[in-house]
Q: 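Let me give you the structure first, and then I'll get to my questions.
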Amino acid sequence: MLLRVRVTLPDRPGTLGQVARTLGVSGADIVQVVVLERLGGRAVDDFTVVWPGAARVERLLAGLAAIPGVRVDGVWRAIGAPTTTGQDAELLAQVAANPADGLATLVDAVPGLLAADWAVAAVVPVDWASRTSGGGATVGHASWRTPVPLRLPEVTPLRGRSMTTPDGTHHAIAPFGRAGLVLVAARERSETLSAAAFHSTEVDRLTQLVRACAVILGDRLDLVGAPPVVAGP
């Protein structure tokens, strides 16, 4: 299976090599490394690896924990092949080529782009903050694996950000800037794996995609979640 492994490590020569060797010895085949952050002598890296299904992840965690200064922030299952910002332009081109299905195209692509479990475009009512348990939001489009019934986190004020709900689900939230429409991506906690929260660079990437799609789709977004028009007799 394909796993995403997020590691915080000292930003000094040799440490990244130690992590890569440990992953290899543990049985992981590295297919991609993405540097999310380098600040204050520390780095945050995402490794996408092919992991033998029969192997126990505890072996991998123990090996990484033995490296001085290294901390594992999360290990979770990734969906599809690893992607980088090179795919963002292609996605936007697909949205522009078929705007009628543009919102669905974006929502369906987000889980693969951000190694999330699911994503949904929801219309948030103006009185969202006065309601309980996220009641009242309507779903414009939901990706595969979106839970039913869907319980959305408190997403106001409508700005790009990450958050974690009490059940351990991590969310990335990005507003379209019109019609109360907001895109929510999620990583859920499982019995064997614990996903990392969305990093600020991932939230920024999602926010940029959503803003670009909002420009492309324009007034079409105002119709999301609106009741259908019934023709007269």
Side-chain angles (χ1 to χ4, degrees), residues 1-87 110-119 143-147 151 153 161-173 184-206:
M1 59 181 174
L2 202 64
L3 291 181
R4 187 69 59 88
V5 182
R6 181 164 299 172
V7 178
T8 297
L9 65 159
D11 188 14
R12 60 172 181 258
T15 305
L16 181 60
Q18 285 182 279
V19 172
R21 284 193 297 272
T22 300
L23 289 170
V25 170
S26 300
D29 181 15
I30 300 173
V31 295
Q32 185 188 56
V33 182
V34 175
V35 179
L36 297 176
E37 177 183 313
R38 298 182 71 176
L39 184 66
R42 304 283 290 176
V44 180
D45 294 349
D46 267 3
F47 293 83
T48 302
V49 303
V50 176
W51 182 252
R56 295 179 63 86
V57 176
E58 288 81 358
R59 177 185 177 188
L60 172 64
L61 298 177
L64 293 173
I67 304 174
V70 170
R71 183 185 76 231
V72 178
D73 296 328
V75 179
W76 68 101
R77 192 163 186 168
I79 299 175
T83 60
T84 62
T85 53
Q87 281 69 39
V110 162
L113 292 175
L114 297 181
D117 290 307
W118 52 267
S143 73
W144 179 59
R145 298 179 66 185
T146 298
R151 295 179 62 88
R161 63 189 176 112
S162 63
M163 64 180 299
T164 301
T165 49
D167 65 356
T169 301
H170 301 299
H171 298 86
I173 301 164
V184 181
R187 293 175 183 151
E188 296 181 336
R189 179 184 296 272
S190 71
E191 295 181 358
T192 58
L193 300 175
S194 180
F198 288 92
H199 191 270
S200 59
T201 58
E202 294 176 305
V203 176
D204 289 344
R205 182 182 182 188
L206 179 64

Q: What pairs with R145 under salt bridge (Lys or Arg N to Asp or Glu O under 4.0 Å), at least two apart in sequence or on another chain?
A: D117

Q: Heavy atoms only: give me the nearest V19-L64 pair and the separation to one decimal.
A: CG1-CD2, 3.9 Å

Q: Quick check: do E37 and T201 have side-chain heavy atoms less than 4.5 Å from each other?
A: no

Q: Residues in side chain to side chain contact (heavy atoms under 4.5 Å, CB included) with V25, at least two apart?
A: none

Q: How would you list, by chain and number, every residue that makes a salt bridge (Lys or Arg N to Asp or Glu O under 4.0 Å) with D73, sequence neighbours excluded?
A: R71

Q: What's the shortest heavy-atom distance between L193 and R77, and which atoms?
A: CD1-N, 3.8 Å

Q: Starting at CG of L114, measure out to CG of L206 and round the result to the nearest 0.5 Å.
A: 5.5 Å

Q: Let's go through L23 and W51 carefully: what are the C-alpha distance in whole Å and the side-chain angles of both, what is the deciding distance for side-chain contact (heavy atoms from CB on, under 4.5 Å) to 0.1 Å, and is it a yes or a no?
A: CA-CA 10 Å; L23 289 170; W51 182 252; over 6 Å; no

Q: What heavy-atom pair brings A185 and V110 nearest, and what distance separates the two atoms?
A: CB-CG1, 3.9 Å

Q: Can you list the steps and then say if E202 with D46 is a side-chain contact (heavy atoms from CB on, under 4.5 Å)?
A: CA-CA 11 Å; E202 294 176 305; D46 267 3; 4.1 Å; yes

Q: Measure the shortest side-chain to side-chain distance between T169 and R151 over non-hydrogen atoms and say whether it is less than 4.5 angstrom.
A: no

Q: Give the minimum heavy-atom separation between H171 and F198, together with the two atoms involved.
A: C-CD1, 3.4 Å

Q: Closest approach of W118 and E188, non-hydrogen atoms and distance?
A: NE1-OE2, 3.0 Å

Q: Compare every heavy atom of A115 with every heavy atom of R187, then report the nearest pair and how far apart it is.
A: NE-O, 3.1 Å

Q: Could you state the interatomic distance from CG (L9) to CZ (R38), rounded to the nearest 0.5 Å?
A: 9.5 Å

Q: To the nearest 0.5 Å, how far apart are OG in S194 and NE2 in H170?
A: 5.5 Å

Q: Going by the rule salt bridge (Lys or Arg N to Asp or Glu O under 4.0 Å), which residues pair with E58 if we only count those two or more places apart in sequence or in a different chain?
A: R56

Q: Enumerate the residue pairs fulfilling salt bridge (charged side-chain N to carboxylate O under 4.0 Å, His left out) with a member in residues 17-29, sequence neighbours excluded, ordered by first and then second residue.
A: none

Q: For V50 and L2, run side-chain contact (heavy atoms from CB on, under 4.5 Å): C-alpha distance rounded to whole Å, both residues' side-chain angles, the deciding distance at 0.1 Å, then the answer.
A: CA-CA 5 Å; V50 176; L2 202 64; 3.9 Å; yes

Q: Working to the nearest 0.5 angstrom, can you tell me the gap between R205 CZ and L36 CG?
A: 10.5 Å

Q: Test of understanding: with side chain to side chain contact (heavy atoms under 4.5 Å, CB included), list the residues that count as partners of P10, not counting sequence neighbours.
A: R12, T15, R42, V70

Q: Just to verify, which of D167, T165, T164 counts as forming a side chain to side chain contact (heavy atoms under 4.5 Å, CB included) with P153?
A: T165

